[in-house]
Engineer: 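My questions all concern the structure below.
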Amino acid sequence: MELGLVGLGKMGGNMRERIRRAGHTVIGYDRNPDLADVHSLEELVGKLKGPRVVWVMVPAGAATQSTIDELAELLSPGDVVVDGGNSRWTDDEKHAVELGLKDIGFVDCGVSGGVWGLENGYALMYGGDAENVAKVQPIFDALKPEGEYGSVHAGKAGAGHFAKMVHNGIEYAMMQAYAEGWELLEKVDSVTDVREVFRSWQEGTVIRSWLLDLAVNALDQDEHLEQLRGYAQDSGEGRWTVEAAIDNAVPLPAITASLFARFASRQDDSPQMKMIAALRNQFGGHAVESKK
């Protein structure tokens with residue numbers, strides 16, 4: 001089938017290649033003309049035969065909104081827009097209604113796989129009406145990993161990105177657990193080869209995982225991670241997961257703590273700990289350390 005793909009960065013570019021390898025035609029548009037097959041959304045839509053499917057792979061928020069707004073004016077009834085970025089599920093619900101007023105279908109798709117997806121396939125979580133999902137199904141089949149699993153029609157519009165959001169929240173907590181265990185192993189004198197301890201866990205243990213494999217890869221490149229700064233950004237899904245938990249009164253202590261740990265990583269000198277030190281000094285006369 002034919003697909004229009006908007007956004008050809010690290011993920012989008014590799015997805016275009018994987019889809020083409022599966023025998024489909026992909027017409028790609030990107031603001032970078034060196035990456036693009038066409039030079040405008042209008043040209044992209046004009047080159048596709050109806051009913052058209054256009055997959056949007058741009059940053060969440062304003063960029064996605066403006067792209068969908070423009071496509072809404074270019075596409076025809078029966079066409080489908082897929083948002084494969086990291087949009088918030090509430091935006092998906094809004095886009096489905098807005099496009100539905102023009103009889104244009106909408107499918108949201110959470111995509112996991114990162115830079116490994118080109119060769120290994122992408123895990124896909126998508127939401128939308130069955131009729132619209134069916135129009136995109138050959139592309140989902142091309143992108144997913146080989147085998148029975150790796151993709152799911154999670155529910156109605158917004159369900160795909162909600163599922164991907166929870167997936168990323170779990171990822172936050174799993175990474176935090178590995179990181180805390182690694183730091184404790186590094187701290188004690190009795191363990192003399194932390195990297196090999198991590199490597200030994202790759203077979204036969206209940207904590208083996210792809211994230212563990214990636215941790216070993218990182219330690220092979222930099223055994224004590226001395227070349228890295230202990231600063232971790234968050235891309236939004238962790239915050240949305242915690243917000244959704246509050247809205248639904250669902251306790252998420254591990255995921256919430258892992259998000260807050262990332263916030264702490266950005267502080268060179270913790271304001272909170274200044275207050276803790278001051279209070280300990282006031283009530284107990286405990287020593288404090290002055291800035292030099």
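For the single chain, residues carry numbers from 1 onward in sequence order.
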Engineer: Quick check: are there more than 12 heavy atoms from other residues, nucleotides or ligands sitting under 6.0 Å from OH of Tyr231?
Structural biologist: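 Buried by this count: over 12 neighbours within 6.0 Å.
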
Engineer: Are Arg262 and Arg239 packed together at the side-chain level, in the sense that at least one heavy-atom pair is separated by less than 4.5 angstrom?
Structural biologist: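 Answer no - side chains too far apart.
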
Engineer: Tell me whether Met1 is reachable from Val81 by hopping between hydrophobic residues (I, L, V, M, F, W, Y) whose side-chain heavy atoms are closer than 4.5 Å.
Structural biologist: no

Engineer: Looking at CG of Leu8 and CG of Asn14, how far apart are the two atoms once the value is rounded to the nearest 0.5 Å?
Structural biologist: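 Nearest 0.5 Å value for the CG-CG distance: 10.5 Å.
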
Engineer: Side-chain heavy atoms nearer than 4.5 Å, only ILVMFWY residues, links allowed to pass through others: does that put Leu44 and Met15 together?
Structural biologist: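 No, Leu44 does not connect to Met15 through the hydrophobic network.
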
Engineer: Are any of the side-chain nitrogens in Glu98 or Lys94 under 4.0 Å away from the carboxylate oxygens of its partner?
Structural biologist: yes

Engineer: Is any side-chain heavy atom of Val136 closer than 4.5 Å to a side-chain heavy atom of Trp55?
Structural biologist: yes

Engineer: Is there side-chain contact between Ile27 and Tyr29, with heavy atoms separated by less than 4.5 Å?
Structural biologist: no

Engineer: Just wondering, more than 12 heavy atoms not from Glu42 lying within 6.0 Å of its CD?
Structural biologist: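 No, because the 6.0 Å sphere around CD of Glu42 holds 12 heavy atoms or fewer from other groups.
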
Engineer: Would one find more than 12 heavy atoms of other residues, nucleotides or ligands at under 6.0 Å from atom CZ of Arg20?
Structural biologist: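 Atom CZ in Arg20 is crowded, with more than 12 foreign heavy atoms closer than 6.0 Å.
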
Engineer: Let me know which of Glu243, Glu93, His161 forms a side-chain hydrogen bond (donor to acceptor under 3.5 Å, both in side chains) with Arg88.
Structural biologist: Glu243

Engineer: When the ring planes of Phe283 and His286 are compared, do they come out parallel, tilted or perpendicular, using 30° and 60° as the limits?
Structural biologist: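 The rings of Phe283 and His286 stand perpendicular, inter-plane angle above 60°.
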
Engineer: Roughly how far, to the nearest 0.5 Å, is the CH2 atom of Trp182 from the CG atom of Leu219?
Structural biologist: 7.0 Å

Engineer: Given Val82, which of Val107, Val6, Val56 fulfils the side-chain contact (heavy atoms from CB on, under 4.5 Å) condition?
Structural biologist: Val107

Engineer: So, do Phe260 and Gln176 sit near enough that their side-chain heavy atoms are less than 4.5 Å apart?
Structural biologist: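 Answer no - side chains too far apart.
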
Engineer: Please determine whether a side-chain nitrogen of the Lys or Arg among Lys187 and Glu183 lies less than 4.0 Å from a carboxylate oxygen of the Asp or Glu.
Structural biologist: no

Engineer: With no hydrogens and no angle check, do the side chains of Gln65 and Asp91 hold a donor and an acceptor under 3.5 Å apart?
Structural biologist: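 Result is no, nothing qualifies.
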
Engineer: Using modelled atom types only, decide if a donor and an acceptor are shared between the side chain of Arg18 and the backbone of Leu118 within a distance under 3.5 Å.
Structural biologist: yes

Engineer: Measure up the Trp210 and Trp116 rings against each other and bin them: parallel (under 30°), tilted (30 to 60°), perpendicular (over 60°).
Structural biologist: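 Perpendicular: the ring planes of Trp210 and Trp116 meet at over 60°.
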
Engineer: Have Thr241 and Tyr172 got a donor and an acceptor in their side chains that come within less than 3.5 Å?
Structural biologist: no

Engineer: Any link between Leu75 and Val38 through a network of hydrophobic side chains (Ile, Leu, Val, Met, Phe, Trp, Tyr) touching at under 4.5 Å?
Structural biologist: yes

Engineer: Determine, for Asp79 against Lys102, whether the closest basic-nitrogen to carboxylate-oxygen distance falls under 4.0 angstrom.
Structural biologist: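 A salt bridge is absent here (no side-chain N lies under 4.0 Å from a carboxylate O).
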
Engineer: Which value, rounded to the nearest 0.5 Å, describes the distance between Leu124 atom CG and Lys144 atom NZ?
Structural biologist: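 Result: 8.5 Å between the selected atoms.
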
Engineer: Nearest heavy-atom pair of Ala134 and Pro138: which atoms, and what distance?
Structural biologist: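 Nearest heavy atoms, Ala134 then Pro138: O-CD, 3.9 Å.
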
Engineer: Is Lys47 salt-bridged to Asp37, going by a charged N under 4.0 Å from an acidic O?
Structural biologist: no

Engineer: Any chance you could measure Ser40, atom OG, to Leu74, atom CG, to the nearest 0.5 Å?
Structural biologist: 8.0 Å

Engineer: Check whether Val54 and Leu101 end up in the same hydrophobic cluster, where Ile, Leu, Val, Met, Phe, Trp and Tyr are linked by side-chain heavy atoms less than 4.5 Å apart.
Structural biologist: no

Engineer: Identify whether Leu48 and Ile19 are in the same connected component of the hydrophobic contact network (ILVMFWY, side-chain heavy atoms under 4.5 Å).
Structural biologist: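 In one cluster with Leu48: Ile19, no.
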
Engineer: Checking side-chain contact (heavy atoms from CB on, under 4.5 Å) between Val133 and each of Gln137, Glu131, Lys135, which is the one that passes?
Structural biologist: Gln137

Engineer: For Arg266, does the CZ atom sit with more than 12 other heavy atoms under 6.0 Å from it, leaving out its own atoms?
Structural biologist: yes

Engineer: Using distance alone, with no hydrogens and no angle criterion, decide if Lys164 and Asn168 have a side-chain donor and acceptor under 3.5 Å apart.
Structural biologist: yes

Engineer: So, taking the atom named CE in Met57 and the one named OG1 in Thr64, what distance separates them when rounded to the nearest 0.5 Å?
Structural biologist: 9.5 Å

Engineer: In terms of side-chain geometry, is the basic nitrogen of Asp193 or Arg199 positioned less than 4.0 Å from the acidic oxygen of its partner?
Structural biologist: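 Here Asp193 does not pair with Arg199 in a salt bridge, since their nearest N and O are not under 4.0 Å apart.
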
